[in-house]
Amino acid sequence: MLKQRDSAAVRFDLEDRRSSSDQGCHIVQEAVFMLAEPATGTDDENSLKYSMRWAEWLAEGRIGPFPAAIVLVALYCCTQIVVLPLASLWAGTGVGVDDSEQLMYIRFLWAGYGGSQPPLYSWLGWLTSSVFGTNIFTLKLLKYSLIFVALASIFVTVRKLGYSQRTAVASILGLLLFPQLIWEMQHTLSHTVAAFCFSGLLLLALVELLQRKSLLAYALFGLAIGAAVLAKYNLFILIAAMLAATLTLRETRHVILRPQIMISMAVALLVCLPTLYWTATHPSELLARSYKFGINGGDGAFVVALKGIIAFGDAVLNFAILPVVILAVAMLAGRVVPSTLRQRLPESEKLLWRILGFGLCITIVLVIASGATTFKARWLLPVLLFLPVAFAARMEALGDKGRTAQNLIITVAAALAILILPATWAYQVYGGTGQGRVVRLDYPTLYRDLTADGAVKTVTSDWHWVGNLRLVDPDLIILGDEVPDFAALLQEPAVLVWLDKPDPEPEILDRINQAGFVLDSERRSLRVPEFLGSSEGRLVTVVKLKKRNANAPAAD
């Protein structure tokens, strides 16, 4: 059964262990001794001592009633919420492709959206923009609020499992070793941020259920399941892995086998019901980006499976190589030998490792069964997310050696988070040389050129970069080829715009044609200034849309 310890945290093991309060006192005493110790020796030794003192304070310190690490994470997120919009305001730039897509969608509160994407992030964007308006501050407030909630929920979960504050800090900072979290998520991505947040909340809800077993806990677990599904569809894998891991542990399986689990399922279904209905009536929107999986029947079953496994292996390597290397170095620094890792695991730690194991197995089976031959690293977030958490828990069981490893993780992750800050600010205004380059367009100038001959109600395009125009005019309707109910939303006066090429993609022309509109014969070519770009600017082509004559045949 679950064992109460220190009247605040619970762990699923039956082993007697040194209390976290005694361990904490020992750590604090050691930290005080280090702070009082004179700085002698070489510069490298002094630097190492300073790093360890910093790690000790992050691991055990408090700022007022709150853990120091949580306060600093909140300060980090608040800094980004303020600085990133100010950087764009100073440079006169827009946002990248993922944020511009959200600018296109958050005007509408729908049960589903286009592009094979779930709706929860856009719902939260609609709510945030309803309060703070349509601007970059709103986008950053939403993103970094979700990031903070994710880290805070995982911190609370680790503490609820009975682990020390040091282990909880090592867990959440260890997550920042994933490049997709510390870098990609800060300058791009949207639904993956929601997946990160609701994965953390889902784990917290599961632990709460295992400890309390109340009707409210079952209902909250169902709510967390429903929210996770609506955050990112691949969180089905994490949900299945959690249920499988819980069922394979003697101490926890009865919680899932109780009749009350039907409350969880009913709540989850109720939360997802509007989107399930919308999906059933809009199958093309759900499958719009299925091409990304590289599914084709051109090769034999064995070749396809082999390609899928290789792609999956590459994605695992790309997603986890940095944290795995740093975790390995941390073990070496703590002189942790492999034989010590094979000690009997407590139930709480078994749960974490089995969630990881089942997640990987389920994903491999899905890759082979679906015939997918392409796999992006960020899709593995719900599968490998809790690797640093499980590692930090294993290190606590190893005493002083594990504490040294945890200190190194805390130090490296904190330093990485600080060092990456200027890069995120630079990327906010520069956007790189690929698709992110769209941030540097002068959207106010583009808007003035579009409306030079009169007001424009709707702007359509073959790519959602034009969502940036809503930063200039929040009342604009922006439509891409993936937007559901395109015909009902298209209002005159309307224009079609496209970037850097002689003709738009045929998909947007088909949507316009199906909506009963045709392109005007006259085209305008604009040279839109680009911040830190060529002096000629970028080529934007504009053509007006007009209603097709009822007697005229549809264009091919």
Side-chain angles (χ1 to χ4, degrees), residues 97-99 101-102 105-106 110-127 139 142-151 153-154 175 178-181 184-186 188-206 221-243 268-269 271-276 278-279 282 285-293 312 315-316 318-320 355-356 358-360 362-363 366-367 370 372 374-387 482:
V97 291
D98 289 291
D99 280 339
E101 181 182 39
Q102 289 307 308
Y105 281 133
I106 60 176
W110 294 335
Y113 300 85
S116 307
Q117 298 290 12
L120 185 54
Y121 193 89
S122 298
W123 289 351
L124 296 173
W126 173 87
L127 178 63
L139 298 171
L142 172 59
K143 174 174 288 191
Y144 283 95
S145 295
L146 293 178
I147 290 174
F148 175 76
V149 170
L151 295 173
S153 62
I154 292 172
L175 293 169
F178 288 116
Q180 286 74 17
L181 271 64
E184 292 291 331
M185 198 173 286
Q186 293 208 63
T188 185
L189 304 182
S190 52
H191 300 286
T192 302
V193 180
F196 177 40
C197 177
F198 289 95
S199 292
L201 288 173
L202 184 62
L203 181 63
L204 177 58
L206 176 62
F221 183 55
L223 180 62
I225 291 176
V229 172
L230 297 179
K232 192 78 173 175
Y233 293 137
N234 62 351
L235 260 64
F236 270 117
I237 298 173
L238 178 60
I239 295 167
M242 284 184 172
L243 293 176
L269 180 61
V271 169
C272 295
L273 194 59
T275 298
L276 289 175
W278 183 91
T279 300
H282 295 77
E285 276 80 2
L286 177 66
L287 302 174
R289 299 185 188 177
S290 58
Y291 62 85
K292 288 186 174 182
F293 295 98
F312 174 74
V316 170
N318 291 332
F319 188 87
I355 290 173
L356 287 165
F358 278 114
L360 288 170
I362 292 169
T363 306
L366 289 176
V367 168
S370 66
T374 302
F375 209 91
K376 294 188 177 182
R378 65 174 181 271
W379 297 345
L380 283 168
L381 184 140
V383 179
L384 294 174
L385 179 62
F386 300 126
L387 176 61
E482 293 179 336

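Values below: every heavy atom of this structure, side chains too, minus hydrogens, waters and symmetry copies. All residue numbers refer to positions in the sequence shown, counting from 1.
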Report task. Go through the steps to decide whether F386 and M242 satisfy the test side-chain contact (heavy atoms from CB on, under 4.5 Å), and finish with yes or no. Result -> CA-CA 11 Å; F386 300 126; M242 284 184 172; 3.9 Å; yes

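- In this structure the side chain of L146 never reaches within 4.5 angstrom of the side chain of F196, judged on heavy atoms.
- A salt bridge links R289 to E101: at least one charged side-chain nitrogen sits closer than 4.0 Å to a carboxylate oxygen.
- Between I106 atom CD1 and L124 atom CG the span is 11.0 Å, to the nearest 0.5 Å.
- Every residue two or more places apart in sequence or in another chain that forms a side-chain contact (heavy atoms from CB on, under 4.5 Å) with P119 is listed here: Y113, W123, L230, Y233, T275.
- Atom OG1 of T192 and atom CE of M185 lie 6.0 Å apart (nearest 0.5 Å).
- With contacts defined as side-chain heavy-atom distances shorter than 4.5 Å, the pair K292/K376 qualifies.
- Aromatic ring pairs are classed by plane angle as parallel below 30°, tilted from 30° to 60° and perpendicular above 60°; the pair F178 and F319 is tilted.
- The CG atom of N234 lies 10.0 Å from the CZ atom of R378; values are rounded to the nearest 0.5 Å.
- Counting all heavy atoms, side chain and backbone alike, A195 lies closest to A231 at N-CB, 4.2 Å.
- The two residues G359 and A241 have their closest heavy-atom pair at N-CB, 3.6 Å.
- G115 and Y105 make their closest contact through N-OH, 4.4 Å (heavy atoms, listed as atom of the first residue, atom of the second, distance).
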Query raised in the report: Could you go step by step and tell me if I355 and L203 meet the side-chain contact (heavy atoms from CB on, under 4.5 Å) rule?
Result: CA-CA 10 Å; I355 290 173; L203 181 63; 4.2 Å; yes

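- Side chain to side chain, Y144 and Q186 meet the donor-acceptor criterion of an N or O pair below 3.5 Å.
- Closest of all the heavy-atom pairs between V383 and I237 is CG2-CG2, 4.0 Å.
- Here the straight-line distance linking atom CG of D98 with atom CG of L139 works out to 11.0 Å at 0.5 Å rounding.
- Between P382 and L238 the shortest heavy-atom distance is O-CD1, 3.4 Å.
- The side-chain heavy atoms of K143 and S190, taken from C-beta on, include no pair separated by under 4.5 Å.
- For the residue pair Q180 and A377, the shortest heavy atom distance occurs at NE2-CB, 3.6 Å.
- Between K232 and F198 the shortest side-chain heavy-atom distance does not fall below 4.5 Å.
- To the nearest 0.5 Å, the span separating CG on L235 from CG on L381 amounts to 7.5 Å.
- By the 4.5 Å heavy-atom criterion applied to side chains, H191 and S122 are counted as neighbours.
- F375 and W379 have perpendicular rings, their planes meeting at more than 60° on a 0 to 90° scale where under 30° would count as parallel.
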Report task. Would you check, one step at a time, whether the test side-chain contact (heavy atoms from CB on, under 4.5 Å) holds for L202 with I225? Result -> CA-CA 7 Å; L202 184 62; I225 291 176; 3.9 Å; yes

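- By the 4.5 Å heavy-atom criterion applied to side chains, L380 and F312 are counted as neighbours.
- Remark: the backbone N or O of L286 is paired with a side-chain donor or acceptor of S116 at under 3.5 angstrom.
- Summarising the geometry, atom CG belonging to L127 is positioned 9.0 Å from atom CG belonging to L142; distances are rounded to the nearest 0.5 Å.
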